[in-house]
Amino acid sequence: MQSWVQRLLTTATTAALLLLAACCAASALDAFHVPSVQAQAHVTKINRFHKQLNGNDKVTLTFNVSANLESLFTWSTKQVFVFLTAEYENSKNSLNQVSLWDHIIPDKDKANLQVEVKSKYPLIDQGSSLRGKKVQLVLHWHVMPKAGVMIRDRMALSEFNLPDSYTS
């Protein structure tokens with residue numbers, strides 16, 4: 001006959017294995033989920049474009065972001081981290097990425113975004129190569145599950161050109 005400690009350990013082990021199987025099943029099911037994200041972003045105003053004292057270009061923008069991210073949510077999604085980047089090329093780097101805005105979406109009810117915001121973080125270039133540059137806005141998202149692998153993706157949204165001269 002088994003003691004109560006052995007029965008407790010057997011029950012705990014069985015429960016842990018069932019939990020592990022459920023987590024593996026959740027991860028496997030999420031691998032087959034294909035979301036259909038719809039999003040747009042447009043720069044509505046270049047608030048300020050100037051050269052800092054250290055020689056770097058700095059731009060603050062106002063932009064519209066509209067995105068329907070409801071399809072990213074499944075039964076195992078804890079939250080979605082979404083952020084907008086500005087991507088451009090210069091002579092030093094083939095790809096420069098600067099985060100302009102970010103937001104955490106805690107549940108599916110708040111996953112339909114319609115916002116006009118001033119950039120949370122300024123676009124700063126290391127040097128003075130932003131004048132006249134073509135900049136692309138890209139929406140990134142990280143789906144954080146309750147269990148399983150974090151899913152990352154991105155979508156190029158729009159392009160705009162910075163002015164050839166500084167503004168104040």
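Just so it is clear, the model here is predicted, and its values are computed rather than measured.
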(request) Give me the one residue out of W141, F73, F81 that meets side chain to side chain contact (heavy atoms under 4.5 Å, CB included) with I105. (result) F73

(request) Taking the side chain as every heavy atom from C-beta outward, state whether L123 and Y88 have any atom pair closer than 4.5 Å. (result) yes

(message) Enumerate the side chain to side chain donor-acceptor pair (under 3.5 Å) contacts for residues 148-157, please, sequence neighbours excluded, ordered by first and then second residue.
(response) E87-R154

(request) For N64 and H42, indicate whether the former's side chain and the latter's backbone hold a donor-acceptor pair under 3.5 Å. (result) no

(request) Please answer: with hydrophobic residues joined when any side-chain heavy atoms are less than 4.5 Å apart, are I124 and L61 in the same cluster? (result) no

(request) For the pair F83 and H140, name the ring-plane relationship: parallel under 30°, tilted 30 to 60°, perpendicular over 60°. (result) parallel

(request) Check whether V138 and V37 end up in the same hydrophobic cluster, where Ile, Leu, Val, Met, Phe, Trp and Tyr are linked by side-chain heavy atoms less than 4.5 Å apart. (result) no

(request) May I ask you to decide if T62's main-chain N or O and T44's side chain share a donor-acceptor pair within less than 3.5 Å? (result) yes

(message) Tell me which one of I46, V117, V115, L157 satisfies side chain to side chain contact (heavy atoms under 4.5 Å, CB included) with F63.
(response) V117

(message) Quick one: does any side-chain atom of D57 pair with a main-chain N or O of V59 as donor and acceptor, under 3.5 Å?
(response) no

(message) Please report the interatomic distance NZ(K133) to CG(D164), rounded to the nearest 0.5 Å.
(response) 11.5 Å

(message) T74 vs T77, test: side-chain hydrogen bond (donor to acceptor under 3.5 Å, both in side chains). Steps then yes/no.
(response) CA-CA 5 Å; T74 64; T77 303; 3.3 Å; yes

(request) Could you tell me whether a side-chain N or O of S119 sits under 3.5 Å from a main-chain N or O of L100, the two making a donor and an acceptor? (result) no

(message) Can a donor-acceptor pair be found, under 3.5 Å and without considering hydrogens, that links the side chain of T85 to the backbone of Q97?
(response) no

(request) Examine distances only and state if a side-chain atom of T167 and a backbone atom of F49 form a donor-acceptor pair shorter than 3.5 Å. (result) yes

